[in-house]
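Step one of this worksheet: look at the structure below.
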Protein chains: 2
Amino acid sequence: MSQDLAQQIAKRAADAAHAVATLSEQEKNAVLQKMANAIRAHKDEILKVNETDMKTGKEKGLSDAMMDRLHLTEERVEGMATAIEEIIDLKDPVGDSYLLEERPNGLKIEKMRIPLGVICMIYEARPNVTADAGALCFKSGNAVILRCGREAIESSKAIADALHEALEQSGLPKDVITVVPTPDREVMTELLQQKDYIDLVIPRGGEGLIHFVSDTSKIPVIQHYKGVCHLYVDKDADLDKALAILLNGKTQRTGVCNALEGLLVHQDIADKFLPMAAKALAEKDVTIHACNKSVGYFDGADEISVDDFGQEYLALEIAVRTVDDFDGALEHIKRFGSGHTEVIVTENDQTAKRFIREVDSAVTMANASSRFSDGGQLGLGAEIGISTSKLHAYGPMGLQALTTEKFVVTGNGQIRD
Amino acid sequence: MSQDLAQQIAKRAADAAHAVATLSEQEKNAVLQKMANAIRAHKDEILKVNETDMKTGKEKGLSDAMMDRLHLTEERVEGMATAIEEIIDLKDPVGDSYLLEERPNGLKIEKMRIPLGVICMIYEARPNVTADAGALCFKSGNAVILRCGREAIESSKAIADALHEALEQSGLPKDVITVVPTPDREVMTELLQQKDYIDLVIPRGGEGLIHFVSDTSKIPVIQHYKGVCHLYVDKDADLDKALAILLNGKTQRTGVCNALEGLLVHQDIADKFLPMAAKALAEKDVTIHACNKSVGYFDGADEISVDDFGQEYLALEIAVRTVDDFDGALEHIKRFGSGHTEVIVTENDQTAKRFIREVDSAVTMANASSRFSDGGQLGLGAEIGISTSKLHAYGPMGLQALTTEKFVVTGNGQIRD
């Protein structure tokens, strides 16, 4: 049963993918505008159904954070419509091509961007992902299968109804955007076996969900486990800049994957910088976990050993370590970084360049806050997720990460000797 | 035991990957030249050990084709060394960067090419893959784990000994290139679970091997199942070009994945083209399987029904179908193509463009032979494999497909509001 349902959903999406793959940007934008309009037109139904989800969520004792993610208001529904309109403004990458080479035999070799095909999003309680991911996948010429958690499923279906109305008005099959009608884990497991029909799986949620999906899937999975981001303050740093970047990274917003979780300080400037850091972090009530060389600079800091580094606090807490030199910082990041975002503050261009080249993370920064590490801030427009694994996409994923390239060969009758 | 060995191999490769990731192109080229020299210097040992593999292969009753792939001669060993020298001439993509955007807040956003990390190649009887893949992965800054079949394992180890000599002379860890010392399937299975250490798996071999690897692996796998390539002769085709491309695609070499397996002919030119094709194919002793509309043009052709299309013959055989129109050709390719290579012959630019845009395959061609669909002919230099799945790489994979891109952000102290 689960297997039949999963296969049917996947197969229909794969058939529908061809219908959207060859639409022009103009055609896709017209449909997206209809989607935004339909979301607005169906606002009342969406809000009503969301009340049901909220009631069930309350009965099940969802956490406050979870309830907040689930909750839709008039403003948030309008926000979904506006987000779709912002996707209209993003440039469609499909069809972009560039010349690789003109061969000695006269063959012209180009590469051309094409959609991936069918994308499966797996997420938990956020109903707005249904609209966002639906619109992003559509704009990039893909069909999408949306599998949301039990908590948000009725809201997601109501949102999908609005999107389907827009598809039907445009003469497109509604299988271009499918909400999996049941939260059963078995159906999800079977979906993850449909490698003949689905091209990519993007899970968004807790580490448990992501491990489950990537262990179960026979389809490639974009992995985004966690963000353990470091700031390294070099001996040649401008310490005022370093302090501002430290405070911004740690305290501007704490529950996010691009917040700072570790501070590394070159020993030559520890005597100057750590007292500044101690004062500023204390004012923001940040709890300090520090190595034996750093701990003395902080009031009430907790001394930790090397094995205790690498925590993702997602709170007003930070780990501090004094390192011998640049290489010590690199070693620390290599061992404890999560491949998300790493920052150096230095006025020395050579040191900055070496850091950028040698540090292995999706985003490497010099003299800027880790909080800029998201699709919007990097200029990608809306992002569908962040990849901390390297295959296909590494870092924030915008429209282009939902496409791939094929080879195009043009000749005038060439054959091979 | 298998698990320990697999994890140890993977972990060591991951550690060694950092040593090669940050080498300059010049440094890598110097090591590659040492590798080529070492292969030449160890020619006698390699040939001697290959005799052992050949003897064992003979006792086990390997097919002639398999024995031929396994067999090394003086010339073939020299060919391995030369192939490494050709890789020296390929441009290193690592470190290439380009500007994405300058943000209103002054942040400069770039993308920079970096190695993937650790690549695991799984192959059968070809010992030369050990040298080729070892050198390609090295040039692109990756560590590589080479798992070859039982047949070729002693030859592969001897080749790896030569490569290791070059690594050691250069002060690099030999774990940069590892030949798995045992052909046990259990060890391979355990290797395919090491997703914390290995970034990409590339299987090369029969469909059975590739299915086993992609079903077993928790690491992303580049899939290359088969090549069912079509030639579509449009109503506006130059029929002489079409005939030359047909013969070249079907008969220049048959046992390869870029050979033609299907001919589609627009009904308006069937009366002219099919008799030409029938005569030329008969001269080359090509067996014809044809639809009911085409079968009459061929002597001794075998009539087949729609469900019989889509075979990968890898022999002097071809399936022929007369289609109503362009859309009929597209429908056929959508149903029976394998995502490898599809060719149109037409003098009509609009039709060629539509074909190139709408056909979903890794390589789409207008007016050229499908036999050009390989890395060397497309100008990539040596290829490590061909991907017929879309994620990360689609089509022939050269050095660039062994790398990924990270984001680089440069500021002068910017923080987020």
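Within every chain, numbering begins at 1; the chains are lettered A, B, ... in the order of the sequence lines, protein sequences first and strands thereafter.
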Do you know which two heavy atoms are closest between [X] and [Y], and how far apart they sit?
X	Y	result
A/Thr22	B/Glu358	CG2-CG, 3.6 Å
A/Lys241	B/Asn412	CE-O, 3.2 Å
A/Ala368	B/Val409	CB-CG1, 4.3 Å
B/Tyr394	A/Phe407	O-CE1, 3.6 Å

Could you tell me which portion of [X] (side chain, backbone, both or neither) has an atom closer than 4.5 angstrom to a non-hydrogen atom of chain A?
X	value
B/Asp196	neither
B/Ser97	neither
B/Asp349	neither
B/Asn248	side chain
B/Asn105	side chain
B/Glu347	neither
B/Leu378	both
B/Ala244	both
B/Thr364	both
B/Arg103	side chain

At what distance, to the nearest 0.5 angstrom, does [atom1] of [X] lie from [atom2] of [Y]?
X	Y	atom1	atom2	result
B/Leu200	A/His392	CG	NE2	13.5 Å
A/Leu116	B/Leu391	CG	CG	6.0 Å
A/His211	B/Lys218	NE2	NZ	12.0 Å
A/Lys108	B/Asn367	NZ	CG	12.0 Å
A/Phe372	B/Ile415	CZ	CD1	7.5 Å

A/Asp215 vs B/Lys195, salt bridge (Lys or Arg N to Asp or Glu O under 4.0 Å): CA-CA, chis, key distance, verdict
CA-CA 10 Å; A/Asp215 284 351; B/Lys195 66 181 163 111; 3.3 Å; yes
A/Lys406 side chain to B/Lys390 backbone, donor-acceptor under 3.5 Å
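No.
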If only atom types and distance count, is the side chain of A/Ser369 paired as donor or acceptor with the main-chain N or O of B/Arg416 below 3.5 Å?
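A pair under 3.5 Å: no.
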Taking every non-hydrogen pair under 4.5 Å, which of B/Gly95, B/Gly379, B/Gly395, B/Ser373 racks up the most with chain A?
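Of the candidates given, the most pairs with chain A belong to B/Gly379.
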For the pair B/Asp15 and A/Lys334, evaluate salt bridge (Lys or Arg N to Asp or Glu O under 4.0 Å) and give the outcome as yes or no after the intermediate values.
CA-CA 10 Å; B/Asp15 284 340; A/Lys334 183 173 146 189; 5.4 Å; no
Just so I understand: if I count every heavy-atom pair under 4.5 Å between each of [options] and chain B, which residue has the most?
options	value
A/Thr216, A/Ile245, A/Val94	A/Ile245
A/Ile344, A/Ile219, A/Ile114, A/Leu107	A/Leu107
A/Ala401, A/Pro396, A/Ser214	A/Pro396
A/Glu405, A/Arg357, A/Gln377	A/Gln377

Check whether more than 12 heavy atoms from other residues, nucleotides or ligands sit under 6.0 Å from atom NZ of A/Lys11, and answer yes or no.
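At most 12 heavy atoms, drawn from other residues, nucleotides or ligands, come within 6.0 Å of this atom.
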For the NZ atom on A/Lys111, are there more than 12 heavy atoms of other groups (residues, nucleotides or ligands in this structure) within a distance under 6.0 Å?
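Above 12, so yes.
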Are any of the side-chain heavy atoms of B/Ile356 and A/Met112 separated by less than 4.5 Å?
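Touching, per the 4.5 Å side-chain cut-off.
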